[in-house]
Amino acid sequence: MEALRRVNIGALLGLIALGVAWELWLAPLQGGSGGALALKVVPLTFGIAGLLKHRLYTCRWLSLLVWLYFTEGVVRAAGDTGLSQQLAFVEVALSVVLFVGCAAYVRLRLRVLPPKEKGALRSAAE
């Protein structure tokens with residue numbers, strides 16, 4: 001389970017680094033608005049602390065948030081050319097890795113929690 005958590009942290013940090021580098025240096029959009037577009041990774045930064053602290057809730061909301069980045073990657077892979085298109089494919093791949101990793105981590109964590117804690121989590125979620 002520790003290896004899975006490390007994969008999640010790596011994919012998250014990869015998405016953050018890719019988003020910043022893409023919009024500021026590698027293939028910024030023409031028109032000079034790249035600095036503002038680099039802010040798109042700010043929501044992802046909130047997940048770093050939660051993943052480092054083994055918070056199950058963080059994996060749950062990250063697995064939903066990552067679909068925004070997946071969608072952006074698919075749109076830009078279909079519409080862009082050259083380096084920007086290649087970076088979009090990397091974004092799609094990192095998004096899928098993060099989603100699958102978070103989903104697997106949540107599933108495994110719920111499986112190993114003691115029965116009493118499982119019931120408390122279910123009633124808190126309802």
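Taking CG from L12 and OG1 from T45, the interatomic distance works out to 8.5 Å, rounded to the nearest 0.5 Å. Remark: R60 CZ to R55 CZ distance equals 14.0 Å, nearest 0.5 Å. Rounded to the nearest 0.5 Å, atoms OG1 (T58) and CD1 (I48) are 11.0 Å apart.
The shortest non-hydrogen separation linking C59 to V106 is CB-CG2, 3.7 Å. Contact detail for A11 and V97: the closest heavy-atom pair is CB-CG1, 4.0 Å. When all heavy atoms are compared, the tightest approach of M1 to V112 is CE-CG2, 3.9 Å.
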Go through W25 and V20 one step at a time and tell me if the side chain to side chain contact (heavy atoms under 4.5 Å, CB included) criterion holds. CA-CA 8 Å; W25 302 291; V20 171; 4.0 Å; yes
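Note on V66: it clusters hydrophobically with V92, by side-chain heavy-atom contacts below 4.5 Å among ILVMFWY residues. In the hydrophobic cluster analysis, where Ile, Leu, Val, Met, Phe, Trp and Tyr join through side-chain heavy atoms closer than 4.5 angstrom, L65 is grouped together with V90. Under a hydrophobic clustering in which Ile, Leu, Val, Met, Phe, Trp and Tyr are joined whenever their side-chain heavy atoms come within less than 4.5 Å, directly or via other members, V42 and L62 fall into the same cluster. One hydrophobic cluster holds both L13 and F99 under the rule that ILVMFWY side chains link at heavy-atom gaps under 4.5 Å. Under the 4.5 Å side-chain heavy-atom criterion for Ile, Leu, Val, Met, Phe, Trp and Tyr, I9 and V41 are members of the same hydrophobic cluster.
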Using distance only, find each side-chain donor-acceptor pair of residues 68-77 under 3.5 Å and give its atom names and separation, not counting sequence neighbours.
residue: Y69; atom: OH; partner: K40; partner atom: O; Å: 2.5
residue: T71; atom: OG1; partner: W67; partner atom: O; Å: 2.8
residue: E72; atom: OE1; partner: K40; partner atom: NZ; Å: 3.2
residue: E72; atom: OE2; partner: K40; partner atom: NZ; Å: 2.7
residue: E72; atom: OE2; partner: R76; partner atom: NH1; Å: 3.2
residue: R76; atom: NE; partner: D80; partner atom: OD2; Å: 3.3
residue: R76; atom: NH1; partner: E23; partner atom: OE2; Å: 2.6

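A donor-acceptor contact shorter than 3.5 Å is absent between the side chain of S84 and the backbone of T81.
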